[in-house]
Amino acid sequence: MSTEAVPQQLPEHKDLVIEQLVIWYFLAALAYLIISMLGGFLMALQLVDHNPLRGIEVLSPGRWRMIHTNAIAYGFLANAFLGALHWVVPRLTLRQVASRALSYFTFAAWQVVVLSTAVGIMLGEAQGLEWGETPTWIDPLAQLGLLLVAINFLTPIVQTRGPMYVTLWYFTAAFIWTFLTYAMGNFVPEYFVSGTSAGAVGGLFIHDLVGLFVTPLGWGLMYFFVPILLQKPIWSHGLSLVGFWGLAFFYPLTGIHHFLYTPIPMFLQHGAVISTIAVEMVVLTVIINFFGTLVGTGQAFMKNLPIRWFYTGMVYYFLTCLQCAMQTTMTFQALIHFSDWVVGHAHLVMFGVFSMWLQGIMTYLFPRLFKHEWYSKTLCEWHYWLSAIGLLVMATDLTLAGVFQGYWWASLQPWEVSTEGSFPFWMVRIYAGLAMFIGQIIFVYNICMTWQLSRRAAVPATIAA
Amino acid sequence: MFESKSGVLLIAGLFFFALAFVSNAVVPMVMYRHLPEKTALQVVNGNVRYQFEDLARRYPEPFKQAFGSPPAGEAEEQAWWNEKCAEALKVGRKVYVGEGCWHCHSQFIRPVSNEDRRWGPVSRTEEYQNELQRPVMFGTRRVGPDLCREGGRRSNDWHAVHFFEPKRLSVGSPMPEYPWLFEGSPEKPNLKGLALMTYVQWLGSWLECYPDHEQYEESPTKALTLTEAK
């Protein structure tokens, strides 16, 4: 590619990237993040019996728990990813997206999807599929949106010549997988199969959403930003290959581990357990690859805030996978399934890893988008520390709570023993969650101030011009 | 192949996905093909019919408003009860899903962790092959107890008060209240409330051991020694 590109003029950044759209996507993502956290907060208050809004139908904690998880998946993660993709894909392929109009259209359409999901769930229209509670009447629109996104980004990718960079392997596969996963999860168990087989599909869906939508996009972005920020290539190309192909093969096979000890055939459950442990091995190679890249420039972890976000996320990724390799075994499942351990695990992955990465990317990109330094570097540090520590406390707390709950249940004590015993853990979780929440508020405030500064700086320039 | 577009697109993107779908989803579908899916009407049984008619007796006015009154004639009346009961099950399931009950309550008993001693027989595939388990309500988190053997364990008026305000029956319960399933008081459940009660009473009503009770009673001899000690 480079040999061809040299004689020609390289396309300029401003012709490639629709910066305004990147900003919009990021802001939408942060708005949903805050809404989602409010929903989580409401459920947390309900559990410790301090819900101030009890008895109000549209604010029922059960409904808001679903908004909490869906707003993270489709509101925060999807929007933040789309923003980052609009920056990364054109710069990497040196080509524009298929159509700018399409980009704007998908932005609008996707917000319609997310908002109507939230309203639908609030009105009690949820679909009975975990992480796919999007009411059934929105599913076709969401499916169309995913198709348009895939077309828009795959066009520039397909036009490149020669072998692709690692990031693009992940992205290419992710566009296909996300489309297929959404279709499988939302239509098959609703319209075609019931019972145990529907359970198997539901398990595949929850896990593929993590493994084939969030994970590949996340790693793809890391393979792009980390070498740029550290100004050196990824340590080992071989390990990159192992990481991608290992993930592609093993990850889709693991879904049933969400429903161990159900009436799903036992050999399928064992197969899922083995594939899950294989995934952990694969993930380890990816993490080793990234820490290999860091060797020699370790100081960046201290001095470079985006790098710190990224590598903290990777440390949490390692912890997640360690946890996962244990909890996927039948031995652990007997104890911790259905407990808060699982909730802790989910937060460790979705906030500790992928949100950390996206926050790092936003911390890196916002000054470039606004063409202005951060309003306050100190506030950026607060954002980091509140998020990183809050999450660590929450994940540890819930994981421990899960072990206790498992023992209370197995020992056949009355049910209240488990809810009353969980009380202190649920209290700690509230404070940890508050820390994370305040971190995000600080970030949004910092963004607003930076934007104002950038406008003030820009005005005289335009007048002069 | 490993770094080419077609390799990534076709092998990783399509082939591996299809492989997983076939091995993890199509296999159980094929294995259970001899268990045809039952409709809501087919899963109405004597036990849940009893509870449904009990609702009509306990809450005559609200019941009439929600479901109307049975037609004359023995055969028509029987058919009417069955149909209305099936309808209630469907509405009840919708409420159960829409309120997110399934994020706090599971619907399967595992063969481990003493669950069969707490709740009753371990869950089997046949129990889930019906319209009301599409998508299946296994659940993933238990803040409250498992519900798949709940039918018949409590009376309808217990459920009514409990849904209206759980704390009245269960001190310190973290379960949310659902006053919108009622017209102002637990004596006046509306269509959704009646339907949800029917649905909860249906869970496990198909089993031989229905209703499945926890054995909470103290042994009489122990109580005797306690009073004597006083």
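Residue numbers begin at 1 in each chain, while the letters A, B, ... track the order of the sequences.
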Identify which part of A:Phe171 has an atom lying under 4.5 Å from any heavy atom of chain B, answering side chain, backbone, both or neither. neither
Is the shortest heavy-atom distance from the side chain of A:Tyr261 to the side chain of B:Glu115 under 4.5 Å? no
Can you tell me how far the OG atom of A:Ser60 sits from the CD atom of B:Glu177, to the nearest 0.5 Å? 9.0 Å
Side chain, backbone, both or neither: which part of A:Pro61 has a heavy atom under 4.5 Å from chain B? side chain
Is B:Arg142 close enough and on-axis enough to A:Phe338, meaning under 6.0 Å and within 45°, for cation-pi? yes
Can you see which heavy atom on A:Leu47 is nearest to which on B:Pro174, and at what distance? O-CB, 3.8 Å
Taking it one step at a time, do A:Trp177 and B:Leu14 satisfy side-chain contact (heavy atoms from CB on, under 4.5 Å)? CA-CA 8 Å; A:Trp177 284 333; B:Leu14 290 177; over 6 Å; no
Do the side-chain N and O atoms of A:Glu130 and B:Thr140 include a donor-acceptor pair separated by under 3.5 angstrom? yes
Please give me the minimum heavy-atom distance between B:Lys167 and A:Asp49, naming the atom from each residue. NZ-OD1, 2.8 Å
Options B:Met175, B:His103, B:Glu37, ranked by heavy-atom pairs under 4.5 Å with chain A, top entry: B:His103
Can you tell if the side chain of A:Phe249 reaches within under 4.5 Å of the side chain of B:Leu19, non-hydrogen atoms only? yes
Looking at A:Val158, A:Ile264, A:Asn51, A:Val201, which makes the most heavy-atom pairs under 4.5 Å with chain B? A:Val158
With a 4.5 angstrom heavy-atom cut-off, is it the side chain or the backbone of B:Arg110 that approaches chain A, or both, or neither? both
If I measure from the heavy atoms of chain B, does A:Val343 come under 4.5 Å with its side chain, its backbone, both, or neither? side chain
Flag yes if more than 12 heavy atoms outside A:Phe187 fall under 6.0 Å of its CZ atom; otherwise flag no. yes
Closest contact, heavy atoms only, B:Pro135 versus A:Glu190: CD-OE1, 3.2 Å
Using heavy-atom distances under 4.5 Å, tell me whether A:Arg65 contacts chain B through its side chain, its backbone, both, or neither. side chain
Heavy-atom pairs under 4.5 Å with chain B: which of A:Ser194, A:Ala248, A:Ser197, A:Pro189 has the most? A:Ser194
If you measure from OG1 on A:Thr196 to CG on B:Leu35, what distance do you get to the nearest 0.5 Å? 8.0 Å
Chain B heavy atoms under 4.5 Å from A:Met66: which part of the residue, side chain, backbone, both or neither? side chain
Just one of A:Trp169, A:Trp245, A:Phe244 clears the ring pair (Phe, Tyr, Trp, His ring centres under 6.0 Å) bar with B:Phe2, so which one? A:Trp245
Would you name the heavy atoms of B:Arg134 and A:Val193 that are closest together and state the gap between them? CD-O, 3.3 Å
I need the A:Ile256 CD1 to B:Asn24 CG distance, nearest 0.5 Å. 4.0 Å
Tell me which of these, B:Trp102, B:Tyr96, B:Tyr128, has more heavy-atom pairs under 4.5 Å with chain A than the rest. B:Trp102
Contacting moiety of A:His237, where chain B heavy atoms sit under 4.5 Å: side chain
Who among B:Cys104, B:Ser113, B:Gly100, B:Gly7 has the most heavy-atom pairs with chain A under 4.5 Å? B:Ser113
Taking side chain as everything from C-beta outward and backbone as N, CA, C, O, which of these in A:Met330 sits under 4.5 Å from a heavy atom of chain B? Side chain, backbone, both or neither. neither
Verify side-chain contact (heavy atoms from CB on, under 4.5 Å) between B:Lys5 and A:Arg161, making sure each step is shown before the conclusion. CA-CA 9 Å; B:Lys5 271 162 264 168; A:Arg161 306 259 170 77; 5.6 Å; no
Of the backbone (N, CA, C, O) and the side chain (C-beta and beyond), which part of A:Leu123 lies under 4.5 Å from a heavy atom of chain B, both, or neither? neither
Of the backbone (N, CA, C, O) and the side chain (C-beta and beyond), which part of B:Met29 lies under 4.5 Å from a heavy atom of chain A, both, or neither? both
So do the side chains of B:Phe21 and A:Thr181 get within less than 4.5 Å of each other, counting heavy atoms only? no
As an exercise, state the distance from CD of B:Glu99 to CZ of A:Arg63, rounded to the nearest 0.5 Å. 4.0 Å
Decide if atom CZ of B:Phe15 counts as having more than 12 heavy atoms of other residues, nucleotides or ligands within a radius under 6.0 Å. no
Among B:Glu127, B:Gln129, B:Arg93, single out the residue with the greatest number of heavy-atom pairs under 4.5 Å to chain A. B:Gln129
Value rounded to 0.5 Å, distance of CE in B:Met137 from CG in A:Leu129: 8.5 Å
Can you find a heavy atom in the side chain of A:Pro265 that is under 4.5 Å from one in the side chain of B:Tyr32? yes
Chain A contact via B:Pro179 - side chain, backbone, both or neither, heavy atoms under 4.5 Å: side chain
Region of B:Val97 in contact with chain A, defined by heavy-atom distances below 4.5 Å: both
For the pair B:Phe108 and A:His337, name the ring-plane relationship: parallel under 30°, tilted 30 to 60°, perpendicular over 60°. tilted
For A:Phe259, is it the side chain, the backbone, both or neither that has a heavy atom under 4.5 Å from a heavy atom of chain B? side chain
At their closest point, which heavy atom of A:Leu268 faces which heavy atom of B:Ser23, and how far apart are they? CD2-O, 3.3 Å
Which portion of A:Trp64 sits near chain B, non-hydrogen atoms under 4.5 angstrom: neither
Given a strict heavy-atom distance threshold of 4.5 Å, which part of A:Val166 is in contact with chain B: side chain, backbone, both, or neither? neither
Heavy-atom count check: over 12 atoms from other residues, nucleotides or ligands less than 6.0 Å from B:Arg124 CZ? no
Proximal component of A:Leu247, with respect to chain B [non-hydrogen, under 4.5 Å]: neither
Is B:Phe138 close to A:Pro263 at the side-chain level, that is, under 4.5 Å between some pair of heavy atoms? yes
From CG (A:Asp208) to CZ (B:Phe17), nearest 0.5 Å: 5.5 Å
Report which part of A:Leu204 has an atom under 4.5 Å of a heavy atom belonging to chain B: side chain, backbone, both, or neither. side chain
With side-chain contact (heavy atoms from CB on, under 4.5 Å) as the test, would you mind laying out the steps for A:Met43 and B:Val143 before giving the verdict? CA-CA 12 Å; A:Met43 186 65 177; B:Val143 177; 5.6 Å; no
For B:Tyr178, which atoms come within 4.5 Å of any heavy atom of chain A: side chain, backbone, both, or neither? side chain
For residues B:Trp119 and A:Trp409, establish whether the separation of their ring centroids is below 6.0 Å. no
Would you mind checking which part of A:Leu412 comes under 4.5 Å of any heavy atom in chain B, side chain (CB onward), backbone (N, CA, C, O), both or neither? both
Please flag which part of B:Lys38 lies under 4.5 Å from any non-hydrogen atom of chain A: side chain, backbone, both or neither. neither
